[in-house]
Amino acid sequence: MVKVLFFASLRARLGTAEHRLEGFSGSVAELRHRLGELFPDWQPALQAADIQAAVNQEMAAATTQIGDGDEVAFFPPVTGG
Amino acid sequence: MVKVLFFASLRARLGTAEHRLEGFSGSVAELRHRLGELFPDWQPALQAADIQAAVNQEMAAATTQIGDGDEVAFFPPVTGG
Amino acid sequence: MDFIEVRTAPFAVADEFAALRAGNRSDGASAMFVGSVRDFNAGAGVSGLALEHYPGMTEKSLQRIVDDARARWELGRVRLLHRVGAMAVEEDIVFVGVTSPHRQAAFAACQYIMDRLKTEAPFWKLESGEAGDSWVAARDSDRRELEKWA
Amino acid sequence: MDFIEVRTAPFAVADEFAALRAGNRSDGASAMFVGSVRDFNAGAGVSGLALEHYPGMTEKSLQRIVDDARARWELGRVRLLHRVGAMAVEEDIVFVGVTSPHRQAAFAACQYIMDRLKTEAPFWKLESGEAGDSWVAARDSDRRELEKWA
């Protein structure tokens, strides 16, 4: 099971903060694609060019590999401080 | 009359904080020289390479002109902050 | 010597400065930065904001930034506090305080921590204002500031 | 919007920060620096120091430095306090606080004010320590720091 989190404007656009996906393994880019297939309404927000990803709470690249038990987060550029 | 002030280590070495000089006009360098003539004991301290001068409370060059009523100060490099 | 905290409660600069200095006889320099809620962003009136973060990742991210600052400069104490939750205009959001024997190191590290925090710590701001609620957009200028540390 | 003071009494960072922020809704950034008495200088134990200045010239010098900072950056409030007289180790000597709408301007101006103060404001330090009293020597490094503002 992969735990997927969404933050800030992305969470607001998707209307959900968390989704759990069984049986996924692949890259961050592939996970984004898979979520778009599962939830076509999510596609525009999920595919936005500035969306970033973290895997197990570390910033991740599109090619970062994800497997069972991982925590993945998608979010817009950060604006703290 | 020119009012001459000395600060910090220079004051300590000369043993005086202030000297008033009548009838002087000339440059900062000439004033330094004149004070050395008047007080030979002061020469080594007054001629030290790092001694700086201010005229009327503004940093001054060796060539800055001084006349009656001016306030001149000699001091070592500053060390505030 | 690091104190890093994500919190909802306001902080007091007096307490943070006291913690940087108490018994600290060797660091003559203390540099501090405070970021506060402004009443406008991109021109629109703002009445307050809600700060969201990614619990767990936030703390790791802040610790890494502080570790990297320590690797670059000789630092004494570092205190980094960032608030989350609801805040009104004029409230303080973030405090960074750094002590060092050297003034330049204290300034540089304080600025470096803020520059990196702005571009990589997972915080997001939702502003409330005249025109309703809106998510604050990241600024290219914040990204460019990082170049000076490359 | 400038507050510049040469004083014998200690200052409180809490009061200075409060004065930088009270009713200040437009400046999101506050950068501050505090310089404190260290327990060593050039290796010798220090128990305290006496700070001497040139009354009249000091205030003019500090005002000029702040004016020059304002000409370079968009600043809100500036507070610059420098103590004179006798101080023990750990006591605070100088406070510089600057607010701005822009973080980089606040940091730069705060650092600029300190860099110039260090090389041109007429203050001198007499340290008391293990080896008796000695005048603190100016540092070449302070002079070199000025080059970044040229």
Side-chain angles (χ1 to χ4, degrees), chain B residues 1-21 24 27-29 31-32 35 39 41-81, chain D residues 6 33-38 41-42 49-65 80-85 87 92-96 110-127 132-143 145-146:
Chain B
M1 194 269 297
V2 174
K3 182 174 164 186
V4 187
L5 304 174
F6 307 106
F7 288 97
S9 57
L10 181 60
R11 174 181 46 70
R13 286 186 67 185
L14 302 187
T16 187
E18 185 175 333
H19 182 74
R20 285 158 193 259
L21 197 64
F24 176 85
S27 70
V28 165
L31 175 60
R32 241 165 115 165
L35 290 168
F39 305 94
D41 289 356
W42 289 5
Q43 271 198 20
L46 262 184
Q47 294 304 325
D50 65 354
I51 294 298
Q52 300 174 352
V55 174
N56 297 329
Q57 306 186 349
E58 304 277 354
M59 292 301 288
T63 54
T64 302
Q65 292 298 305
I66 299 160
D68 197 49
D70 284 341
E71 176 177 303
V72 183
F74 292 103
F75 44 77
V78 303
T79 59
Chain D
V6 178
F33 179 85
V34 177
S36 312
V37 183
R38 297 206 281 172
N41 190 52
L49 57 78
L51 240 144
E52 175 176 339
H53 77 126
Y54 181 175
M57 181 170 169
T58 314
E59 292 79 0
K60 285 185 195 173
S61 169
L62 298 179
Q63 184 66 60
R64 170 166 310 142
I65 293 168
L80 169 49
L81 287 75
H82 200 297
R83 291 179 64 202
V84 294
M87 275 161 263
D92 302 325
I93 305 169
V94 60
F95 175 89
V96 183
C110 191
Q111 190 166 11
Y112 172 88
I113 289 169
M114 276 305 303
D115 282 354
R116 284 198 49 192
L117 185 155
K118 278 275 183 183
T119 54
E120 67 189 77
F123 293 106
W124 299 273
K125 286 178 186 151
L126 178 65
E127 282 185 345
D133 291 355
S134 63
W135 292 95
V136 174
R139 285 185 302 198
D140 287 341
S141 62
D142 283 327
R143 209 158 299 274
E145 291 305 336
L146 278 182

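Naming: A, B, ... by sequence-line order, numbering from 1 per chain.
Contacts of D:Ile93 with chain B are made by side-chain atoms alone, with heavy-atom separations under 4.5 Å and no backbone atom involved. B:Asp50 does not touch chain D: none of its heavy atoms, backbone or side chain, sits under 4.5 Å away. Residue D:Trp135 touches chain B through its side chain alone, counting heavy-atom pairs closer than 4.5 Å. Residue contact with chain B, scored on non-hydrogen atoms closer than 4.5 Å, involves the side chain of D:Arg143 exclusively. The contact between D:Lys125 and chain B is made by backbone and side chain atoms together, counting heavy-atom distances below 4.5 Å.
Residues of residues 71-81 of chain B lying under 4.5 angstrom from chain D, judged on non-hydrogen atoms, are B:Glu71, B:Ala73, B:Phe75, B:Pro76, B:Pro77, B:Val78, B:Thr79, B:Gly80, B:Gly81 by number.
A heavy-atom distance below 4.5 Å is found between the side chains of B:Glu58 and D:Arg64.
What you find for D:Glu52 and B:Phe7 is that their closest heavy atoms are OE2-CD2, 3.4 Å.
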